[in-house]
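See below for the structure under consideration.
Chain identifiers are assigned alphabetically (A, B, ...) following the order of the sequence lines, protein sequences preceding nucleic acid strands; residue numbering begins at 1 within each chain. Predicted, not measured: the structure shown is a model, and the values here were computed from it.
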There are 2 protein chains.
Amino acid sequence: MAAAKDLTTSKQEFINCWGDMASHWGVSRTMAQIYALLFVSAEPLDTEQIMADLGISRGNANINLHKLLDWQIIRKVEVPETRRDFFEAEKDIWKLTERIIQERKSREIHPLTDSITQIQQSLQELPDGSTRQMTPEEAEFAQNLQRMQDFLRLFEQVSGIFLGLLRERKVDQLTSLLGLFTEMSGR
Amino acid sequence: MAAAKDLTTSKQEFINCWGDMASHWGVSRTMAQIYALLFVSAEPLDTEQIMADLGISRGNANINLHKLLDWQIIRKVEVPETRRDFFEAEKDIWKLTERIIQERKSREIHPLTDSITQIQQSLQELPDGSTRQMTPEEAEFAQNLQRMQDFLRLFEQVSGIFLGLLRERKVDQLTSLLGLFTEMSGR
DNA sequence: CCGAATTTTCAATTTGAATTGAAAACCGCC
DNA sequence: GGCGGTTTTCAATTCAAATTGAAAATTCGG
């Protein structure tokens with residue numbers, strides 16, 4: 001909230017807009033703002049600087065810097081002449097995308113498929129391990145669960161391919177393939 | 001919170017797991033739970049039923065039912081013999097996906113590109129409309145913004161194609177194209 | 001037009017997540 | 001070992017968003 005002394009208005013706007021968007025995607029505002037701040041900064045910043053620019057507490061800065069490190073979308077950099085930690089953002093948007101997809105897959109998609117698998121099992125097995133009879137309604141539920149699993153598996157496949165292309169820097173190849181897609185879907 | 005009288009444990013688990021996931025994606029728990037409840041129900045349910053099964057208040061149920069209607073992932077259905085509204089979920093996961101992508105695009109991606117466009121303009125224009133000189137650092141910032149716009153535009157393109165395929169029920173075509181992708185990326 | 005059934009609204013409250021700030025731990029260096 | 005400088009921790013607090021519940025509005029059959 002507290003205004004940064006030396007950030008231009010444009011940068012401030014960017015930081016805010018990034019923060020707003022984050023809250024719609026279940027990411028804490030501060031985490032997004034720190035990323036945005038580092039993204040718009042030409043030089044790496046230390047904790048003091050970040051606290052001042054964003055008007056946040058030390059604890060808050062520390063926690064969210066760690067989350068961002070965890071996600072591997074910012075990194076620590078050594079700065080001679082000082083003992084402090086400095087941070088810089090991953091500015092390559094393709095790498096950023098890769099990291100975000102990767103993290104969300106392992107944090108949210110995988111637990112989901114795991115839970116569904118477990119529910120599927122408990123639907124068809126008794127606690128002792130023998131199979132049980134489902135009611136027709138349960139059977140329909142089981143079928144819907146399976147459809148969801150199939151979908152998630154396909155998503156896994158798509159994102160795997162996509163990540164592969166990103167990782168190998170085949171972005172231009174990707175875009176040209178998209179052209180192909182466009183052809184084939186007749187648009 | 002309050003236990004449903006007649007929901008099986010599996011269904012309860014599913015509803016919870018859906019609710020948990022939602023909170024990681026910036027969607028309210030209740031909204032997701034109502035969707036999940038309708039998804040696992042063979043028959044449409046009325047507000048009373050939903051309140052009872054989920055242990056939530058009338059106001060809460062009402063608001064979230066409307067959000068879901070807004071997203072077009074549930075619908076009202078007429079039930080003879082009664083004046084009440086009954087609701088059923090969109091159970092086709094492909095349509096569900098289409099709706100979610102569509103909604104998130106217009107609610108979150110478009111506002112983001114709009115904001116960035118505006119920031120880009122304010123970077124290069126003076127309030128009176130004449131162009132202004134950027135510092136080298138601003139120029140770099142402007143370049144990064146442009147990269148982000150390009151990315152968002154590509155995302156727009158990809159999701160457009162994807163939605164087109166989904167809408168035309170060309171899911172099998174989609175999966176076979178994915179096979180092609182896999183070939184080409186050599187995995 | 002009335003009244004029962006149903007839905008909608010909204011000010012007040014609750015809840016859970018984010019944030020603070022100060023104390024504790026850490027870390028290299030003299 | 002002890003002393004700045006720095007990071008980490010965590011109980012207490014704040015804050016925004018979700019939720020409640022009762023009152024008001026709506027809708028419809030008679």
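- The nearest whole Å value for the distance from the NE2 atom in H66(A) to the C1' atom in dA18(C) is 17 Å.
- One atom, CZ of R29(A), and another, P of dA17(C), lie 17 Å apart when rounded to the nearest Å.
- Residue pairs satisfying the ring-ring contact (aromatic ring centres under 6.0 Å, His included) criterion with at least one member in residues 97-140 of chain A, sequence neighbours excluded, are absent.
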Base versus backbone protein contacts along nucleotides 20-30 of chain C [heavy-atom cut-off under 4.0 Å; B, S, -]: BB-----B---

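- For DNA chain C, none of the residues of residues 15-26 of chain A falls under the heavy-atom distance limit of 4.0 Å.
- Considering only side-chain atoms of N62(B), the nucleotide from dT7(C), dT19(C), dT7(D) that sits closest is dT7(C).
- For the pair E48(B) CD and dA5(C) P, the interatomic distance rounds to 12 Å; values are reported in whole Å.
- For the pair Q33(B) CD and dT19(D) P, the interatomic distance rounds to 8 Å; values are reported in whole Å.
- Every residue two or more places apart in sequence or in another chain that forms a salt bridge (Lys or Arg N to Asp or Glu O under 4.0 Å) with R84(B) is listed here: D46(B).
- At distances below 3.5 Å, not a single donor-acceptor pair connects side-chain atoms of R104(A) with backbone N or O atoms of I109(A).
- Picking from dT19(C), dT6(C), dT19(D) the nucleotide with the shortest atom distance to the side chain of T82(B) gives dT6(C).
- Residue S28(A) has its side chain nearest to dT19(C) when only dT19(C), dT6(C), dT19(D) are considered.
- Distance M51(A) CE to dT6(D) P: 12 Å, rounded to the nearest Å.
- Heavy-atom nearest nucleotides on DNA chain D were determined for K67(B) and for K76(A), and the one closer to the 5' end corresponds to K76(A).
- The distance from atom NZ of K105(B) to atom CD of E156(B), rounded to the nearest 0.5 Å, is 4.0 Å.
- As a whole-Å value, the separation of F86(B) CZ from dA5(C) P is 15 Å.
- For residues 115-155 of chain A, the ring-ring contact (aromatic ring centres under 6.0 Å, His included) pairs, not counting sequence neighbours, are F141(A)-F14(B), F151(A)-W94(B).
- Note: CZ (R84(B)) to P (dT8(C)) measures 15 Å, nearest angstrom.
- Between W18(B) and F39(B), the ring planes are parallel. Angles under 30° get that label, and only those over 60° would be called perpendicular.
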Using residues 60-73 of chain A as the side-chain source, report each donor-acceptor pair under 3.5 Å to any protein atom, sequence neighbours left out, with the distance given to one decimal.
residue	atom	partner	partner atom	Å
N64(A)	ND2	S28(A)	OG	3.3

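- If you measure from atom CD of E81(A) to atom P of dG5(D), you get 16 Å, rounded to the nearest angstrom.
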K76(A)/F86(A) under side chain to side chain contact (heavy atoms under 4.5 Å, CB included): CA gap, chis, key distance, verdict: CA-CA 6 Å; K76(A) 277 190 194 179; F86(A) 282 74; over 6 Å; no

Pair L54(A), I15(A) - check side chain to side chain contact (heavy atoms under 4.5 Å, CB included), show working. CA-CA 9 Å; L54(A) 258 30; I15(A) 291 168; 4.3 Å; yes

